[in-house]
Amino acid sequence: MLMSAKENQREVKRQKILRSALGVFARKGYKPAVLDDVARKARIAKGTLYLYFKDKEDIYYHTVLYVLDALEAQIMENIRPEMGHVDLLKNVAYSQLDFFAQNPDHFRLFFNMFSSGLMNIKKRL
């Protein structure tokens, strides 16, 4: 299904917000991060965030999904149906290590999430 120009523009802005949120959450962690910082980094008004996301937790949740989608895409590029189990596991492990090595903010986001206990606090995660 093709997106209209307006839908495409909206998705571009949404992705920009998620990339900005990723930087803020990776650097500060969830609790100290403020949406003013996300808006400033995305170069939009803070109110614009609420046109795309419900609240801070919603932005965080979608930021985590954004990273997981990118990780999944990289893993899928490196595996083939005909691979044996050992090669499959090796490629999945290598893909994950390479992904996080190439994307340090993605790693910091997950490190902060697991080390701060957010997995136990946030129901959606």
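The two residues A21 and I59 come nearest to each other via the heavy atoms CB-CG2, 3.6 Å. In terms of heavy-atom proximity, R108 sits nearest to A26 at CB-O, 3.7 Å.
One finds the NE2 atom of H85 at 11.0 Å from the CG atom of D87 (value rounded to the nearest 0.5 Å). One finds the CG atom of N78 at 7.0 Å from the CZ atom of R80 (value rounded to the nearest 0.5 Å). Once rounded to the nearest 0.5 Å, the distance linking CZ of R27 with CG of N112 reads 11.5 Å. Interatomic distance, NZ of K90 versus CD1 of I79, reported as 15.5 Å (0.5 Å rounding). Separation of atoms CG (D98) and CG (N103) is listed at 8.5 Å; rounding is to 0.5 Å. To the nearest 0.5 Å, atoms CZ (R40) and OG (S20) are separated by 11.5 Å.
At distances below 3.5 Å, at least one donor-acceptor pair connects side-chain atoms of K16 with backbone N or O atoms of A42.
For M83, the CE atom sits in a packed shell: over 12 heavy atoms of surrounding residues, nucleotides or ligands are nearer than 6.0 Å. No more than 12 heavy atoms of other residues, nucleotides or ligands shown are found within 6.0 angstrom of CZ on F107. Within a 6.0 Å sphere centred on CD of Q15, heavy atoms belonging to other residues, nucleotides or ligands number more than 12.
For the pair R19 and Y66, the cation does not sit on the ring face, since its NZ or CZ is not both under 6.0 Å from the ring centre and inside 45° of the axis.
By the 4.5 Å heavy-atom criterion applied to side chains, H106 and L71 are not counted as neighbours. Using a 4.5 Å heavy-atom cutoff, the side chains of Y60 and V24 are not in contact. Proximity of L35 to Y50: side-chain heavy atoms (C-beta onward) are separated by under 4.5 Å at one or more points. Between D58 and Y52 the shortest side-chain heavy-atom distance does not fall below 4.5 Å. Residues L51 and K13 fail the side-chain proximity criterion, which asks for heavy atoms closer than 4.5 Å.
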Between F99 and V67, does a side-chain contact (heavy atoms from CB on, under 4.5 Å) hold up when you go through it step by step?
CA-CA 10 Å; F99 176 80; V67 171; 4.1 Å; yes

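The salt bridge (Lys or Arg N to Asp or Glu O under 4.0 Å) check on E11 picks up R14, with sequence neighbours excluded.
Aromatic ring pairs are classed by plane angle as parallel below 30°, tilted from 30° to 60° and perpendicular above 60°; the pair F25 and Y30 is parallel.
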